[in-house]
Protein chains: 2
Amino acid sequence: MGKAAEELGVVSGLVRAAFLVNSVYAESAREYGLTPQQGQLLCVLMAQPYGMSELGGVLRLAKSSLTELVDRTAQRGLVKRESDPRDRRVVRVALTERGAELADVFYAETCRRVEELSAGLPEGDRETLGALLGRVVSDNRVPAVFPERDEAPVAARDN
Amino acid sequence: MGKAAEELGVVSGLVRAAFLVNSVYAESAREYGLTPQQGQLLCVLMAQPYGMSELGGVLRLAKSSLTELVDRTAQRGLVKRESDPRDRRVVRVALTERGAELADVFYAETCRRVEELSAGLPEGDRETLGALLGRVVSDNRVPAVFPERDEAPVAARDN
DNA sequence: ATTGTTCGTTCGCCATACGAATGAGCGTGT
DNA sequence: ACACGCTCATTCGTATGGCGAACGAACAAT
């Protein structure tokens with residue numbers, strides 16, 4: 001055991017599955033008039049507003065890239081910048097009402113489609129797959145780029 | 001069973017794992033002076049040369065997008081266009097020697113990094129994960145965007 | 001107050017992606 | 001043979017994405 005063939009199976013499985021998910025994600029976004037990046041931004045912000053720096057960390061983007069992504073998404077009226085009274089350098093990015101509505105339907109539809117990808121697996125295997133991927137994801141500290149159902153349903157949005 | 005929570009686990013597991021793999025892929029590409037798309041192109045061509053139309057299907061790109069990707073990659077001397085004597089409309093895209101060398105090292109390094117992602121899993125779980133992902137991938141007819149080790153070791157590359 | 005740091009934006013540059021329009025080459029039908 | 005329609009790939013225009021460097025504003029420390 002421990003043969004190269006099996007290990008490579010995991011590797012190319014992961015890479016090809018990622019390709020597949022990307023395709024589905026992009027197509028879903030497209031149908032709602034979103035780019036994949038804008039869709040991802042909405043999904044991240046579903047959980048809570050973020051400061052630009054945090055967001056850059058979550059999305060793994062350079063700050064200049066993020067400024068422009070937020071610009072374009074804000075131009076479409078989906079997100080807004082709020083200033084932090086504590087520190088006037090900080091900008092908090094939050095969903096607008098329209099953005100929240102769109103995020104909901106985009107998220108739901110994307111979930112539906114991604115779920116279909118594993119529809120061919122028996123129930124037990126799907127759970128196993130979820131558990132194993134969950135392990136990989138948490139081992140590698142992947143930020144919450146896509147909400148789990150029960151996460152933070154509009155918590156603090158004061159000021 | 002069949003609760004929403006478990007099913008969502010698979011969905012967000014897949015989406016987050018895809019995000020993770022993308023990050024790793026992009027970073028690996030970057031270190032070899034490649035964009036992720038160019039890296040992917042090289043990986044696809046490792047198996048064999050492709051015509052533009054086929055390649056568009058494999059990479060899921062519009063043909064104009066592909067023309068330009070091949071342009072840029074060819075400018076870097078990594079791929080070349082060959083004309084098909086059977087049908088002079090057809091362009092076959094193949095790796096140059098430099099491209100093949102770079103593809104080899106990029107592929108190897110990317111494999112290494114992706115494999116590390118699942119390094120925290122016990123051997124048996126890794127095999128299970130590979131098997132389940134393999135099932136998802138084949139159920140959804142994902143093209144060979146990333147080679148398996150034993151695939152097509154430099155077949156026909158004449159003239 | 002001056003300095004250093006953090007924060008976000010701006011700017012220039014290149015890569016990505018698409019649709020529409022274009023033109024080259026193939027095949028069929030008559 | 002030649003005109004038509006089809007497929008192939010490219011070109012063009014537009015929008016987006018992504019980065020690093022440079023910048024200015026606001027905080028923090030002395």
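Below, chain A is the first sequence line, B the second, and so on; all start at residue 1.
Once rounded to the nearest 0.5 Å, the distance linking CE of Met46(B) with CG of Leu102(B) reads 10.0 Å. How far OG1 of Thr73(A) is from CG of Leu42(A): 6.5 Å, rounded to the nearest 0.5 Å.
Every side-chain hydrogen bond (donor to acceptor under 3.5 Å, both in side chains) that Arg89(B) has, sequence neighbours left out, goes to Asp87(B). The salt bridge (charged side-chain N to carboxylate O under 4.0 Å, His left out) test applied to Glu116(A) returns Arg112(A), not counting sequence neighbours. With sequence neighbours excluded, no residue satisfies salt bridge (charged side-chain N to carboxylate O under 4.0 Å, His left out) with Arg76(A). For the salt bridge (charged side-chain N to carboxylate O under 4.0 Å, His left out) test, no residue two or more places apart in sequence or in another chain qualifies with Arg88(B).
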Contacts table for residues 131-144 of chain B: side-chain donor-acceptor under 3.5 angstrom, sequence neighbours left out:
{"residue": "Arg135(B)", "atom": "NE", "partner": "Asp139(B)", "partner atom": "OD1", "Å": "3.3"}
{"residue": "Arg135(B)", "atom": "NE", "partner": "Asp139(B)", "partner atom": "OD2", "Å": "3.4"}
{"residue": "Arg135(B)", "atom": "NH2", "partner": "Gly120(A)", "partner atom": "O", "Å": "2.8"}
{"residue": "Ser138(B)", "atom": "OG", "partner": "Gly134(B)", "partner atom": "O", "Å": "3.3"}
{"residue": "Ser138(B)", "atom": "OG", "partner": "Arg135(B)", "partner atom": "O", "Å": "3.3"}
{"residue": "Asn140(B)", "atom": "ND2", "partner": "Leu117(A)", "partner atom": "O", "Å": "2.9"}
{"residue": "Asn140(B)", "atom": "ND2", "partner": "Val136(B)", "partner atom": "O", "Å": "2.8"}

Pair up each side-chain donor or acceptor in residues 26-34 of chain B with any protein partner under 3.5 Å, not counting sequence neighbours, and list the distances.
{"residue": "Ser28(B)", "atom": "OG", "partner": "Thr110(B)", "partner atom": "OG1", "Å": "2.9"}
{"residue": "Glu31(B)", "atom": "OE1", "partner": "Arg113(B)", "partner atom": "NH2", "Å": "2.8"}
{"residue": "Glu31(B)", "atom": "OE2", "partner": "Arg113(B)", "partner atom": "NH2", "Å": "3.3"}

Solution key, residues 62-71 of chain B side-chain donor-acceptor pairs under 3.5 Å, sequence neighbours excluded:
{"residue": "Thr67(B)", "atom": "OG1", "partner": "Lys63(B)", "partner atom": "O", "Å": "3.1"}
{"residue": "Asp71(B)", "atom": "OD1", "partner": "Arg81(B)", "partner atom": "NH1", "Å": "3.0"}
{"residue": "Asp71(B)", "atom": "OD1", "partner": "Arg81(B)", "partner atom": "NH2", "Å": "2.9"}

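Using a 4.0 Å cutoff to heavy atoms of chain A, the contacted part of DNA chain C runs 5' to 3' from dT6(C) to dG19(C).
Taking a 4.0 Å limit (strictly below) on heavy-atom distances, residues 51-66 of chain B reaches DNA chain C at Leu61(B), Ala62(B), Ser64(B), Ser65(B). Residues of residues 22-32 of chain A that place a heavy atom closer than 4.0 Å to DNA chain C, in numerical order, are Arg30(A).
Contacts classified as ring pair (Phe, Tyr, Trp, His ring centres under 6.0 Å) and involving residues 58-87 of chain B (residues at least two apart or in different chains) are not found.
Atom-to-atom, CG of Leu41(A) to P of dG18(D) comes out at 11 Å; the value is rounded to the nearest Å. Note: CZ (Arg72(B)) to C1' (dG18(D)) measures 13 Å, nearest angstrom. Separating the CG atom of Leu69(A) from the C1' atom of dT16(D) is a distance of 10 Å, rounded to the nearest angstrom. Between the CG atom of Asp84(B) and the P atom of dT7(D) there is a distance of 18 Å, rounded to whole Å. The distance from atom CZ of Arg92(B) to atom C1' of dA9(D) is 14 Å, rounded to the nearest whole Å.
Checked against a 6.0 Å centroid threshold, the rings of Tyr25(A) and Phe19(B) do not count as neighbours.
Residues Val70(B) and Gln37(A) each lie close to DNA chain D; by heavy-atom proximity, the contact nearer the 5' end of the strand is made by Val70(B). Mapping Asp71(A) and Thr73(B) onto DNA chain C by nearest heavy atom places Asp71(A) closer to the 5' end of the strand.
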task: Any chance you could lay out the side chain to side chain contact (heavy atoms under 4.5 Å, CB included) test for Tyr50(A) and Arg92(A), step after step, and finish with the verdict?
output: CA-CA 5 Å; Tyr50(A) 281 91; Arg92(A) 297 192 73 71; 5.8 Å; no
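Without hydrogens or angle criteria, Arg16(A) side chain to Phe146(B) main chain gives a donor-acceptor distance under 3.5 Å.
Within the 4.0 Å cut-off from OP1 or OP2 of dG17(D), at least one side-chain nitrogen or oxygen of Gln38(A) is found.
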task: Could you run through nucleotides 24-30 of chain D and give me one letter per nucleotide, 5' to 3': B if any protein heavy atom sits under 4.0 Å from the base, S if only the sugar-phosphate is that close, - if neither?
output: --BS---
